[in-house]
Amino acid sequence: MLRAYKYRIYPNKEQVLFLSNTFGAARFIYNKMLYDKIEHYKQTGQTLNNTPAQYKSDFPWLKEVDSLALANEQLNLQKAYKNFFRDKKVGFPKYKSKKKNYFSFTTNNQKGTVSIEDGLLKVPKLKSRIKIKVHRPLLGDIRSCTISKTPTGKYYASILVNEEIMPLPKASDSIGIDVGIKTFATLSTGEFIDNPKWLRKSEKRLIRLQRNLSRKQKGSKNRYKARLKVARLHEKIKNQRNDFLHKTSTILIRENQALGIEDLRVKNMLKNHKLAKAISEVSWAEFRRLLEYKSNWYGRQLTVAPSNYASSQLCSDCGHKNPLVKNLKVRQWICPNCGVSHDRDVNAAKNLLKLVT
Ligand SMILES: [Zn+2]
């Protein structure tokens with residue numbers, strides 16, 4: 001099975017130059033190919049099948065760049081088109097902006113062209129090796145390596161390996177999981193998983209920093225500094241959040257054989273602070289992704305509720321549907337049919353458990 005390991009890397013000056021050239025070339029070829037596809041379509045109504053190799057005579061400097069990094073951009077572009085044709089809501093492929101401040105390229109391992117040894121990372125076309133901090137050992141064969149630079153100037157290598165993963169021994173329990181904003185998740189056992197305290201704190205700080213940034217004059221040094229502060233905090237939140245999501249999903253997967261969750265795309269939420277909502281949505285999407293691949297790895301069964309499943313409105317005791325609970329402000333309710341009293345979220349989690357038992 002494929003598994004990604006992400007490590008911090010510390011390129012020296014010369015390597016930084018190499019990496020930024022490759023980031024630039026990857027962005028260039030992506031944008032150029034996209035531009036040509038659009039123009040070709042405008043003129044002929046046909047899709048242009050272009051490849052990076054076709055551009056090397058017009059732009060000879062591309063020959064000096066890792067050709068796999070360019071080939072992967074072609075694949076990315078094809079994927080963006082495919083996603084667009086499959087689901088128009090995804091939107092037409094967009095140009096990669098320099099201003100986004102997030103750079104990356106992907107290269108592949110061809111018989112040892114990518115390797116890690118003695119704390120050093122080897123990548124194609126670069127003669128020297130980049131210092132890498134391997135905080136957990138990498139198992140399996142390296143398939144590809146994605147190098148990225150964050151808006152605050154940190155560099156990472158995400159190494160994709162083909163690894164044999166042993167399924168966990170069968171567990172006897174099953175669980176339903178209802179996610180929320182204030183409480184991260186409510187379980188069918190009646191337990192709650194709270195959002196970590198740092199999240200609230202970081203959110204408040206982020207709001208302050210963003211307000212501060214918006215007051216700074218455009219193009220000024222102070223604005224640059226303020227933007228860097230915002231980017232640093234964003235990165236910190238992301239790292240802490242991912243850590244929390246990893247730990248939470250691992251525990252749930254380890255302890256349960258079958259798990260039921262909502263289709264989070266249709267999750268209806270009380271109007272909450274915009275930022276809290278945005279952060280929660282990112283967290284849920286990532287949480288679902290983690291549960292999906294971990295249940296795959298470890299031989300667990302994950303069931304996602306159909307989008308029309310009214311997990312909140314159904315009485316988990318007698319199955320009676322109570323439309324009054326549609327009102328998100330109803331936190332506690334008594335079933336008019338059987339008289340059982342419910343906590344909104346625990347009841348929803350119990351209904352999600354029913355999907356798997
Ligand atoms: Zn009932």
Side-chain angles (χ1 to χ4, degrees), residues 168 170-196 199-200 244-245 247-274 276-292 294-296 298-357:
L168 285 167
K170 276 219 152 95
S172 49
D173 290 335
S174 299
I175 204 153
I177 308 161
D178 178 82
V179 298
I181 289 182
K182 258 194 183 154
T183 305
F184 174 74
T186 303
L187 307 177
S188 51
T189 53
E191 291 166 286
F192 300 95
I193 300 174
D194 273 322
N195 270 311
L199 191 67
R200 283 296 304 153
F244 166 72
L245 295 175
K247 283 180 181 145
T248 308
S249 56
T250 295
I251 292 171
L252 289 168
I253 289 280
R254 189 175 296 151
E255 292 176 352
N256 297 286
Q257 187 59 34
L259 305 91
I261 58 170
E262 299 148 275
D263 180 357
L264 297 172
R265 286 171 308 172
V266 296
K267 179 105 186 161
N268 207 358
M269 279 282 131
L270 257 192
K271 277 221 174 74
N272 207 305
H273 192 275
K274 263 191 200 153
K277 191 169 176 286
I279 290 178
S280 295
E281 280 169 356
V282 176
S283 291
W284 299 336
E286 178 65 6
F287 187 57
R288 175 174 168 173
R289 193 184 72 84
L290 296 176
L291 287 177
E292 269 169 355
K294 286 180 186 178
S295 54
N296 247 332
Y298 298 120
R300 300 309 198 220
Q301 178 207 342
L302 179 74
T303 304
V304 179
S307 54
N308 60 355
Y309 186 61
S311 57
S312 298
Q313 295 171 53
L314 295 170
C315 168
S316 56
D317 264 57
C318 72
H320 174 80
K321 190 170 175 179
N322 182 3
L324 294 175
V325 188
K326 224 176 178 177
N327 179 351
L328 294 164
K329 284 188 180 133
V330 176
R331 306 307 304 165
Q332 313 278 338
W333 56 286
I334 291 168
C335 175
N337 187 49
C338 72
V340 168
S341 86
H342 290 300
D343 171 277
R344 177 192 192 88
D345 298 334
V346 175
N347 178 62
K350 282 181 178 166
N351 281 323
L352 292 163
L353 171 65
K354 284 193 175 164
L355 290 172
V356 299
T357 48

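As the structure lists them, so they are numbered: ligands from 1, and atoms in each ligand from 1.
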Exercise answer: donor-acceptor pairs, residues 247-261 side-chain atoms, under 3.5 Å, sequence neighbours excluded:
{"unit_1": "K247", "atom_1": "NZ", "unit_2": "D243", "atom_2": "OD2", "d": "3.0"}
{"unit_1": "T248", "atom_1": "OG1", "unit_2": "F244", "atom_2": "O", "d": "2.7"}
{"unit_1": "S249", "atom_1": "OG", "unit_2": "L245", "atom_2": "O", "d": "2.8"}
{"unit_1": "S249", "atom_1": "OG", "unit_2": "H246", "atom_2": "O", "d": "3.0"}
{"unit_1": "S249", "atom_1": "OG", "unit_2": "K294", "atom_2": "NZ", "d": "3.0"}
{"unit_1": "T250", "atom_1": "OG1", "unit_2": "H246", "atom_2": "O", "d": "2.9"}
{"unit_1": "T250", "atom_1": "OG1", "unit_2": "K294", "atom_2": "NZ", "d": "2.9"}
{"unit_1": "N256", "atom_1": "ND2", "unit_2": "L252", "atom_2": "O", "d": "3.0"}
{"unit_1": "Q257", "atom_1": "OE1", "unit_2": "A171", "atom_2": "N", "d": "3.0"}
{"unit_1": "Q257", "atom_1": "OE1", "unit_2": "R300", "atom_2": "NH1", "d": "2.9"}
{"unit_1": "Q257", "atom_1": "NE2", "unit_2": "G299", "atom_2": "O", "d": "3.0"}

Expected list for residues 312-324: side-chain donor-acceptor pairs under 3.5 angstrom, two or more places apart:
{"unit_1": "S316", "atom_1": "OG", "unit_2": "N347", "atom_2": "OD1", "d": "2.7"}
{"unit_1": "N322", "atom_1": "OD1", "unit_2": "L324", "atom_2": "N", "d": "3.2"}

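Looking at heavy atoms from C-beta onward, V179 lies in side-chain contact with E262 at the 4.5 angstrom threshold.
Judged by distance alone, the side chain of Q301 and the main-chain N or O of V356 form no donor-acceptor pair under 3.5 Å.
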Evaluation steps, side chain to side chain contact (heavy atoms under 4.5 Å, CB included), between Y309 and V304
CA-CA 10 Å; Y309 186 61; V304 179; over 6 Å; no
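Looking only at protein N/O/S atoms, the ones less than 2.8 Å from the Zn ion (ligand 1) make 4 in total.
Here T189 pairs with E191 under the side chain to side chain donor-acceptor pair (under 3.5 Å) rule; sequence neighbours left out.
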